[in-house]
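Okay, so here's the structure we're looking at.
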Amino acid sequence: MRNVSSLSITLVRDDAREQRDVETTTTGLDLFGTDRTVVAVRVGGELRDLDRPFADGDVVEPVLIDSPDGLAILRHSAAHVAAQAVQARHADAKLGIGPPIVDGFYYDFDVAEPFTPDDLRELEKAMQRIVKERQRFRRREVSDEEARAELADEPYKLELIADKGSATPEATGPYGLEGGGDAASVEVGAGQLTIYDNLKRDDSVAWRDLCRGPHVPHTGYIPAFALTRNSAAYWRGDQANAQLQRLYGTAWPSREALKAYQTRLEEAAKRDHRKLGVELDLFSFPDELGSGLPVFHPRGGVLKREMEDYVRRRHIEEGFSYVGTPHISKEGLFHTSGHLPYYADGMFPPMDVEGGNYHLKAMNCPMHNLIFRSRGRSYRELPLRLFEFGSVYRYEKSGVVHGLTRVRGMTQDDSHSYVTPEQAPGEIEHLLNFVTGLLRDFGLTDYYLELSTRDDSDKFIGSDQEWAVATQVLQDVATRSGIELVPDPGGAAYYGPKISVQIRDAIGRSWQMSTIQYDFNQPARFGLEYQAADGTRQQPVMIHSAKFGSIERFIGVLVEHYAGAFPPWLAPVQVVGIPVADEFGDYLEEVFAGLRAAGVRAEVDHSDDRMQKKIRNAQKAKVPYQLIAGGDDRDAGAVSFRYRDGTQKNGVPVADAVAEITGAIARRTQV
RNA sequence: GCUGGCGUGGCGCAAUUGGUAGCGCACCUGUCUUGUAAACAGGCGGUUGUCGGUUCGAGUCCGACCGUCAGCUCCA
């Protein structure tokens, strides 16, 4: 028989369930308080602070500090510490929101003066003091009126209270990580408001914040943190709102984990394509040209040409016709297409020519439409597939230009497939297969699909019915592919929905690469038609698609993906010949003549450096193969391999060496 | 576009409280060159992003512009 003053709870740990009778006042701290790796509990699916008492029948699971929820709780608690430090230093600072994010947290403040690097150092010290004080986090349920009274000096919090209920926590989980959720839901949920106090040893309130929680039991649970940077951010992400100052930080379960994170960032920075572009002499951005306008050096040119050769050949194999169109056009074309009314801001301003306005093109589709319309079209010609390398220019805002991944002048491997509505699903599937095959050939496997659809804003044209059909077609094909599919509501082009391939770069930013868009609007606006089997005139659907997306961006991502150590087929220089001494240069030249005859990009290093220096240079240039030859090799009609990892293979007969290299190039393998 | 940081020879860096710009690599020249990540010596190269201002004097201070970095917003 159970004692009336006890509860029965179920403890779930590592998939094991354990029934336990405990005292009525038992809390998570009683169960796990000695274990610093437990930061909260999950009771019936809900995250709770450790100091809340259990109820009879509760199913209790400890939340470990290194689990996704545990890390979020740790980081969100660190955000509170940061905010306390800020308000202690800047009495006028008004609180915005302070959610956890990937690898860290931020907190927004309305302050008179932006934070300086010195501020960050001082704030970090202040945070350390708060952590040392082991301030307790105390949860307090308050009514809306109480919250308003208590936070009368916090205008942004008052706004959140007023908006309470509009948040949708179930859509994103408790912390709304990985985007998509309203970060403000960290402060207020849909129901009961809570305030978290930070209590000093004597139980006096050091600081308090409107917050859903949960939090770690006390600030001593934050073993390793750092403030990383600060920047401006618009209140609630809206450019029309006030600009707040955002403080970014990171927090980890241990000093070692923090150190590992910092090391990871340093390693990622070494892969940055902007840095490697200089080091490997691939491309540059001359100031004289203007922001976002790259030039490709000979080595980068090889990369670009290999990609273009590949994708041109593949388009032809997939039934596309290679076409060509100019870089500029009279502006009427872009009125017809609808781009000018909708996206004038994204285009370079017009040039006045003979009294009329000309525009640099920002897209190729209108010109391809003119090719389609250049004569009568039969249903027998469909799908009609046009493809070109289109040079387009987009007036990207100055703050968003970024290396090769966000430029103002770029080359799209752009295609438009004109199809009957019935052919559309098949064509989209065809294009998606084309794209996934291309990504595989370039060694990219870590990507996901995004389905960008319309929302109810007025920037989309066409009927709801047409949008629904187009969206459904794309969704079906994307789902059938089995690739991870992420919704992107409101992200569609004004003329139709799209599927895009998103790839992450070295620093975790994701970039849109390939796109497939379903467009029923432009065929109507351009009056495109074909004659059907029954003699009637019908309007085609056009499917826009770019496989690399932008060649420039793809190169940027490739550089980071391979950290500059490209597979042989893409490497600007595939083989460097290194004579052990000057006199073996002629022998290597003979060998390299054979390589070059086989189409290999191979150079003998005849500089007056010594062998060791030549090896070092080739290594730094990340050349896949170093072929070294001295007396032993020459006598044997052989060469010696040195690979990028420093391993070597000596005395390889020349024919075998050529076969090994040409084989790896042909198979597009990495070495 | 917004907020903040930064801007010194091709690259990476240095220059005390404002006092007339240094180093390494690269490059050029010469001598060297036999086994897997830097031979030795000499030399060329910048008026410090641009323009304007303060000052007897500015790379060092101020302003504008350009570029760049981080974040925000945006991304047909």
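Below, chains carry the letters A, B, ... as their sequence lines are ordered, and counting in each starts from 1. What you see is a predicted model; the values in this text were computed from it and never measured. Atoms considered below: every heavy atom in the structure, side chains included; atoms not considered: hydrogens, waters and symmetry mates.
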Distance between [atom1] atoms of [N] and [M] (Å, rounded):
N       : M       : atom1 : answer
rG19(B) : rG57(B) : C1'   : 6 Å
rA37(B) : rC25(B) : C1'   : 15 Å
rG45(B) : rU8(B)  : C1'   : 14 Å
rG4(B)  : rG63(B) : P     : 11 Å
rG5(B)  : rA21(B) : C1'   : 24 Å
rU29(B) : rG67(B) : C1'   : 36 Å
rC13(B) : rC28(B) : P     : 24 Å
rG53(B) : rU60(B) : P     : 15 Å

> Dot-bracket for RNA chain B: what is it, with Watson-Crick or G-U pairs under 3.5 Å, [ ] where a pair crosses earlier ones, and | for a pair to another strand?
Replying inline: (((((((..((((.....[..)))).(((((.......))))).....(((((..]....))))))))))))....

> In residues 358-366 of chain A, which residues come under 4.0 Å of RNA chain B by heavy atom?
Replying inline: Ala362(A), Met363(A)

Distance check needed: [N] [atom2] versus [X] [atom1], whole Å only.
X         : N       : atom1 : atom2 : answer
Leu244(A) : rC2(B)  : CG    : P     : 17 Å
Asp103(A) : rA70(B) : CG    : C1'   : 16 Å
Asp272(A) : rG12(B) : CG    : C1'   : 16 Å

> Of all residues at least two apart in sequence or in a different chain, which pass the side-chain contact (heavy atoms from CB on, under 4.5 Å) check with Tyr448(A)?
Replying inline: Glu450(A), Glu484(A), Val486(A), Gln502(A), Arg504(A), Ser510(A)

Side chains of [X] and [Y]: do they bring a donor and an acceptor to under 3.5 Å?
X         : Y         : result
Thr647(A) : Lys649(A) : no
His297(A) : Ser284(A) : yes
Asp103(A) : Tyr261(A) : no

Please list each protein N or O that sits under 3.5 Å from an N or O in nucleotides 44-52 of chain B, with the distance.
none

Ring pair (Phe, Tyr, Trp, His ring centres under 6.0 Å) partners for [X], two or more places apart:
X         : value
His544(A) : His416(A), Tyr495(A)
Tyr343(A) : Tyr494(A)
Tyr358(A) : none

> What does Phe285(A) touch in the nucleic acid at a heavy-atom separation under 4.0 angstrom: a base, only the sugar-phosphate, or nothing?
Replying inline: nothing

Could you run down the sub-3.5 Å N/O contacts of the protein with nucleotides 73-75 of chain B?
residue : atom : partner   : partner atom : Å
rU73(B) : O2'  : Gln239(A) : NE2          : 2.4
rU73(B) : O2   : Lys397(A) : NZ           : 3.2
rC74(B) : O2   : Arg406(A) : NH2          : 2.8
rC74(B) : N3   : Arg406(A) : NH1          : 3.3
rC75(B) : OP1  : Lys459(A) : NZ           : 3.4
rC75(B) : O2   : Arg406(A) : NE           : 3.3
rC75(B) : O2   : Arg406(A) : NH1          : 3.1
rC75(B) : O2   : Arg406(A) : NH2          : 3.2

> Quick one: does Ile628(A)'s side chain get under 4.5 Å of Phe584(A)'s, heavy atoms only?
Replying inline: no

> Are Val469(A) and Phe520(A) side-chain neighbours, meaning at least one heavy-atom pair lies under 4.5 Å?
Replying inline: no

> Ring centres of His368(A) and Tyr418(A) under 6.0 Å apart?
Replying inline: no

>> Walk along nucleotides 29-38 of chain B from 5' to 3' and tag each nucleotide B, S or - by protein heavy-atom contact under 4.0 Å, base first, then sugar-phosphate.
In response: --BBBBBBBB

>> Apply side-chain contact (heavy atoms from CB on, under 4.5 Å) to residues Leu227(A) and Tyr248(A) and explain how you reach the verdict.
In response: CA-CA 6 Å; Leu227(A) 291 179; Tyr248(A) 283 91; over 6 Å; no

>> Below 30° counts as parallel, above 60° as perpendicular, anything between as tilted: where do the rings of His327(A) and Tyr393(A) land?
In response: tilted

> Should the pair Tyr107(A) and Phe109(A) be assigned to parallel (<30°), tilted (30 to 60°) or perpendicular (>60°) ring geometry?
Replying inline: parallel

> Has Lys275(A) got more than 12 heavy atoms of other residues, nucleotides or ligands less than 6.0 Å from its NZ?
Replying inline: no

> What do the steps show when you test Gln619(A) against Arg642(A) for side-chain hydrogen bond (donor to acceptor under 3.5 Å, both in side chains), and what is the final call?
Replying inline: CA-CA 10 Å; Gln619(A) 197 72 34; Arg642(A) 186 183 201 278; 2.5 Å; yes

Pairs: protein N or O with nucleotides 3-5 of chain B N or O, under 3.5 Å:
residue : atom : partner   : partner atom : Å
rU3(B)  : O4'  : Gln243(A) : OE1          : 2.8
rU3(B)  : O2'  : Gln245(A) : NE2          : 3.2

> Are any of Ser291(A)'s side-chain N or O atoms less than 4.0 Å away from OP1 or OP2 of rU68(B)?
Replying inline: yes

> Would Arg75(A) count as a cation-pi partner of Phe105(A), with NZ or CZ less than 6.0 Å from the six-membered ring centre and within 45° of the ring normal?
Replying inline: no

>> The criterion is salt bridge (charged side-chain N to carboxylate O under 4.0 Å, His left out); which residues satisfy it with Glu583(A), sequence neighbours excluded?
In response: Arg634(A)

> Given that Val401(A) and Gly346(A) both sit by RNA chain B, which one's nearest nucleotide is further toward the 5' end?
Replying inline: Val401(A)

> Applying salt bridge (charged side-chain N to carboxylate O under 4.0 Å, His left out), which residue pairs with at least one partner in residues 385-404 of chain A are found, sequence neighbours left out?
Replying inline: Lys361(A)-Glu388(A), Arg385(A)-Glu427(A), Glu396(A)-Arg406(A)

> About how many Å separate OG of Ser329(A) and NE2 of His359(A), when rounded to the nearest 0.5 Å?
Replying inline: 9.0 Å

